[in-house]
Student: 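Dropping the structure in here first, questions after.
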Amino acid sequence: MHNNRTTITQYIIEEQRHVAGATGDFSGLLNDVVTACKVISNMVNHGALVGVLGSAGQENVQGETQKKLDVLSNDVFLKSNEWAGHLAAMASEEMEAIYPIPARYPRGKYLLTFDPLDGSSNIDVNVSVGTIFSILRRPDDAAEPTEQDFLQPGTEQVAAGYALYGPSTMMVLTTGNGVNGFTLDQNIGEFILTHPGMTIPAETREFAINASNMRFWEPPVRRYVDECLAGREGERGEDFNMRWIASMVAEVHRILTRGGVFMYPMDEKIRAKGQGGKLRLLYEANPMSFIVEQAGGAAITGRERIMSLQPEALHQRVPVILGSRNEIERIQGYHRES
Ligand code: AHM
Ligand code: MG
């Protein structure tokens with residue numbers, strides 16, 4: 001039975017065969033990322049049994065209290081990806097500065113950004129969390145890697161993906177040629193291709209937003225949500241359903257599976273803090289936008305396409321509105337009109 005199943009390793013190598021001049025570097029890098037996610041999955045699964053829940057007693061660069069698992073997952077990503085010679089540097093939500101590959105290892109032509117454990121407020125309550133990553137090409141092969149090297153628009157991404165640690169562990173991946181989903185078979189320790197060619201339906205009747213921020217929203221977001229809530233009797237003439245998991249990976253995965261809209265928009269509370277949004281551009285918004293667009297959906301800040309933004313800082317935050325294409329176009333229209 002296992003013989004006619006495609007493992008992620010097989011998938012990556014077969015993809016490589018279609019790329020003229022491929023050296024295997026990129027495939028090797030993806031494999032190391034996959035290994036890191038398997039290790040994190042194992043830690044998340046064992047939770048309290050192995051003493052990994054709770055706070056690490058320190059804050060990250062974003063001023064958020066780090067969970068033990070945030071710190072452990074970050075270490076796993078660094079250790080899995082630093083040695084093989086594919087990367088020049090890494091950057092993570094959990095580290096203020098970039099992480100140039102240590103001098104004892106060879107340096108390669110790629111850059112890796114990641115959020116090792118997104119939605120970590122969910123860990124202690126045993127709700128789904130995930131890892132998000134993005135791969136960029138290093139702009140200048142010769143020089144010492146710098147933060148500037150990472151400031152590339154999302155359109156430059158070579159690959160992006162996420163691992164979802166839910167009822168089953170999944171890996172969803174794009175290399176710019178559609179989106180494929182893999183499920184971890186715990187018995188053999190391999191991800192198996194279970195969701196080939198994932199697509200987001202253009203139409204949806206489901207949205208996700210943290211409604212506790214409603215009083216801070218801008219008029220176009222308020223208008224959209226008001227119309228959804230008005231249901232059959234309102235402007236839209238249809239009832240809408242609402243979900244909020246507070247775990248972007250789980251949210252995006254639901255949208256890839258059955259459609260929907262996810263919003264963490266700009267609001268007055270965020271603006272008062274002097275921030276550009278809640279979610280981070282380089283390791284949350286861009287990789288998720290790449291996946292969503294590759295699945296036929298759309299991802300905007302409100303007015304602009306997220307992947308066209310020129311990043312200005314490593315930990316830059318942006319508003320995120322993504323999902324089913326027709327709804328995103330409608331929301332963009334509301335922003336244009338206001
Ligand atoms: P994190 O990177 O600190 O985990 O924060 C990102 C998460 C997203 O996964 C999720 O969409 C959002 O924060 C939830 O925010 P809130 O707690 O305001 O609902
Ligand atoms: Mg995050």
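All ligand and atom numbering here is 1-based and tracks the order in the structure.
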Student: Going by the rule side chain to side chain contact (heavy atoms under 4.5 Å, CB included), which residues pair with Ser121 if we only count those two or more places apart in sequence or in a different chain?
Tutor: none

Student: Relative to the Mg ion (ligand 2), how many protein N, O or S atoms have a separation of less than 2.8 Å?
Tutor: 4

Student: Asp124 versus Lys67: any side-chain heavy-atom pair under 4.5 Å?
Tutor: yes

Student: Counting the benzene-type ring for Trp, do Phe114 and Phe77 have ring centres under 6.0 Å apart?
Tutor: yes

Student: Taking Arg138 for its side chain and Gly108 for its backbone only, find out whether a donor-acceptor pair lies under 3.5 Å.
Tutor: yes

Student: Assess whether a salt bridge exists between Arg5 and Glu190, defined as any Lys/Arg side-chain N lying under 4.0 Å from an Asp/Glu carboxylate O.
Tutor: no

Student: Return a table of donor-acceptor pairs under 3.5 angstrom between the side chains of residues 29-37 and protein atoms on other chains or two or more places apart.
Tutor:
from  : atom 1 : to    : atom 2 : distance (Å)
Asn31 : ND2    : Ser27 : O      : 3.4
Thr35 : OG1    : Asn31 : O      : 2.9

Student: Is Glu284 in contact with ligand 1, taking contact as a heavy-atom separation below 4.0 Å?
Tutor: yes

Student: Could you establish whether Ser121 and ligand 1 come within less than 4.0 Å of each other, counting only heavy atoms on the residue side?
Tutor: no

Student: Applying side chain to side chain donor-acceptor pair (under 3.5 Å), name anything that partners Glu238, two or more places apart in sequence or on another chain.
Tutor: Arg205

Student: Would you say Leu279 contacts ligand 1, with heavy atoms under 4.0 Å as the rule?
Tutor: yes

Student: Would you mind checking which non-hydrogen protein atom is closest to atom 15 (O) of ligand 1, with the distance to 0.1 Å?
Tutor: Tyr264 CE1, 3.3 Å

Student: Inspect the contact between Asp239 and Arg232 and indicate whether a charged nitrogen and a carboxylate oxygen are less than 4.0 angstrom apart.
Tutor: yes

